[in-house]
Amino acid sequence: MPLITSGAFVLTQPDDEFPVTLDHPVIGWHNLVTSTTIIADTAEANYPASNLANPATHLEWRAADTTKQYLTITTNYVDEIDYIAVARHNFASAEIPVSVEGFIGGVWTEIVEEHQLTDDGPVLFRFTSQSLSQIRLRMQSGVEEARAAVVYVGALLTLERKIYVGHTPMPHGRKNEIVNGMSETGNFLGRLVLGSWRESTIPLSLISPAWYREFMDEFLDAAKTTPFFFAWRPETYPLEVGFAYLMEDPMPTPQAPSNKLAFDLKVRGVA
């Protein structure tokens, strides 16, 4: 479940009043991918690229063969963007090296170097904020056909404060639905896993009221129905990324004596 940062990455400060570092948490919720803006080189019957625009992870795009593939997104967006993220893919298990290219000055240019992922968990590729009319994910030939369920492209929300305590990283928040087998004489007969997911709480405190109103409120409004990518410490723990949705409505509350806001985001995500 990695966050992969371009080797040429330059951090852009969103506002001089709220300086950030590479270890500030990021949320990937802003998404320019629609069923009409994403195309694939090939697609297996009943698994079109348009499925990638739906955040439901049971719907997939599947390549028609194991050759090199591109997923290309036309952004229709003039403002700057800085990430592309993928959930429910097989890039690690199928041994598919992946990279990101942007259409810059009429030429496809690599903006995130090629990587071989170590697992099939959610992955977030971060690059220097820039205006791109088109962006594409390049998947090299692997041992199986490439597949994925969700692709987001847009501008990351960088949180105002770092997280130090009170948070379980998404990959570590394991939750399982288990049926235990036990004989009448008390012997253990095994366990059947019916389902697996991830849960965590994202504790946010000392949030400036002005920052909340400018950056956070829009995200929370969208998160009522839309899941998001989350990385809690991108530089120190780049492998700890989740694709999650809100379990409860957050209630930002001013805290004495600073009058700054504190609230929790209780989330559940894909395993």
Side-chain angles (χ1 to χ4, degrees), residues 1-12 22-23 26 28 31-33 37-44 47 49 51-52 60-75 80-156 171 229-231 233-243 270:
M1 303 181 179
L3 185 150
I4 296 172
T5 303
S6 166
F9 178 75
V10 175
L11 180 64
T12 301
L22 290 174
D23 248 350
V26 295
N31 184 23
L32 303 172
V33 178
T37 61
I38 187 168
I39 60 172
D41 284 359
T42 69
E44 191 176 311
Y47 297 96
N51 282 347
L52 295 165
E60 289 187 330
W61 160 76
R62 296 184 182 180
D65 54 55
T66 60
T67 61
K68 181 170 65 176
Q69 303 285 325
Y70 289 96
L71 288 172
T72 304
I73 300 96
T74 300
T75 66
E80 295 183 343
I81 60 176
D82 58 4
Y83 87 99
I84 179 171
V86 187
R88 284 287 194 224
H89 59 82
N90 69 335
F91 303 154
S93 57
E95 300 178 17
I96 299 172
V98 290
S99 57
V100 180
E101 297 178 346
F103 198 61
I104 302 172
V107 178
W108 284 107
T109 304
E110 186 175 78
I111 56 176
V112 180
E113 301 83 357
E114 185 175 290
H115 283 76
Q116 177 62 66
L117 304 181
T118 57
D119 64 55
D120 289 336
V123 57
L124 193 157
F125 300 92
R126 189 179 191 183
F127 48 88
T128 301
S129 184
Q130 57 194 289
S131 179
L132 294 170
S133 61
Q134 290 183 294
I135 185 173
R136 67 185 186 183
L137 187 71
R138 182 179 65 194
M139 295 151 284
Q140 301 288 11
S141 177
V143 298
E144 297 177 4
E145 295 85 354
R147 65 175 187 269
V150 178
V151 172
Y152 279 19
V153 168
L156 289 168
F229 291 84
F230 177 70
R233 276 192 173 250
E235 184 175 35
T236 304
Y237 301 111
L239 300 182
E240 297 176 358
V241 175
F243 182 61
V270 299

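The structure displayed is predicted, hence computed values, not measured ones.
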Validation row: L22, L11 side chains within 4.5 angstrom (heavy atoms): yes
Check: T66 and V143 side chains under 4.5 Å, non-hydrogen atoms: no
Contact check, side chains of M139 and Y70, non-hydrogen atoms, under 4.5 Å: no
Donor-acceptor pair, side chain of D23 and main chain of T236, under 3.5 angstrom: yes
Side chain to side chain, F127 and L132, heavy atoms closer than 4.5 Å: yes
Flag for Q69-T42: side-chain donor and acceptor within less than 3.5 Å: yes
Interatomic distance, L239 atom CG to D119 atom CG [nearest 0.5 angstrom]: 7.5 Å
Interatomic distance, L52 atom CG to I39 atom CD1 [nearest 0.5 angstrom]: 12.0 Å
Heavy-atom side-chain contact between P97 and H115 under 4.5 Å: no
4.5 Å side-chain heavy-atom contact, V150 and H89: no
Separation of R147 CZ from I96 CD1 (nearest 0.5 Å): 8.5 Å
Check: V107 main-chain N/O paired with T109 side-chain donor or acceptor under 3.5 Å: yes
Pair W108 + F103: ring centers closer than 6.0 Å: yes
Stepwise salt bridge (charged side-chain N to carboxylate O under 4.0 Å, His left out) check, E145 with R62: CA-CA 7 Å; E145 295 85 354; R62 296 184 182 180; over 6 Å; no
Stepwise side-chain contact (heavy atoms from CB on, under 4.5 Å) test for L71 and W61: CA-CA 10 Å; L71 288 172; W61 160 76; 4.0 Å; yes
Note, V241 side chain near V123 side chain (heavy atom, < 4.5 Å): no
With I38, the side-chain contact (heavy atoms from CB on, under 4.5 Å) member among I73, V153, L32: I73
Candidates Y83, F230, F125, F229 - the one meeting ring-ring contact (aromatic ring centres under 6.0 Å, His included) with Y152: F229
Verdict with reasoning, I135 to V100, per side-chain contact (heavy atoms from CB on, under 4.5 Å): CA-CA 7 Å; I135 185 173; V100 180; 3.8 Å; yes
pair P2-L117: side-chain heavy atoms closer than 4.5 Å: yes
Closest non-hydrogen atom pair between T128 and V10, with its separation: OG1-N, 2.8 Å
Short side-chain to backbone donor-acceptor contact, N90 and D120, under 3.5 Å: no
R136 versus T72, closest heavy-atom pair with distance: CB-OG1, 3.6 Å
Heavy-atom pair of closest approach, residues V112 and S6: CG2-CB, 4.1 Å
Taking every non-hydrogen atom, the tightest pair across E80 and S129: OE1-OG, 2.9 Å
Least distance between heavy atoms, L3 atom then R126 atom: CD2-CB, 4.2 Å
Heavy-atom pair with the smallest gap, counting every atom of Q130 and I111: NE2-CG2, 4.3 Å
NZ/NE/NH1/NH2 to OD/OE distance under 4.0 Å, E110 and R138: yes
Test item: side-chain donor near acceptor, Q140 and E114, under 3.5 Å: yes
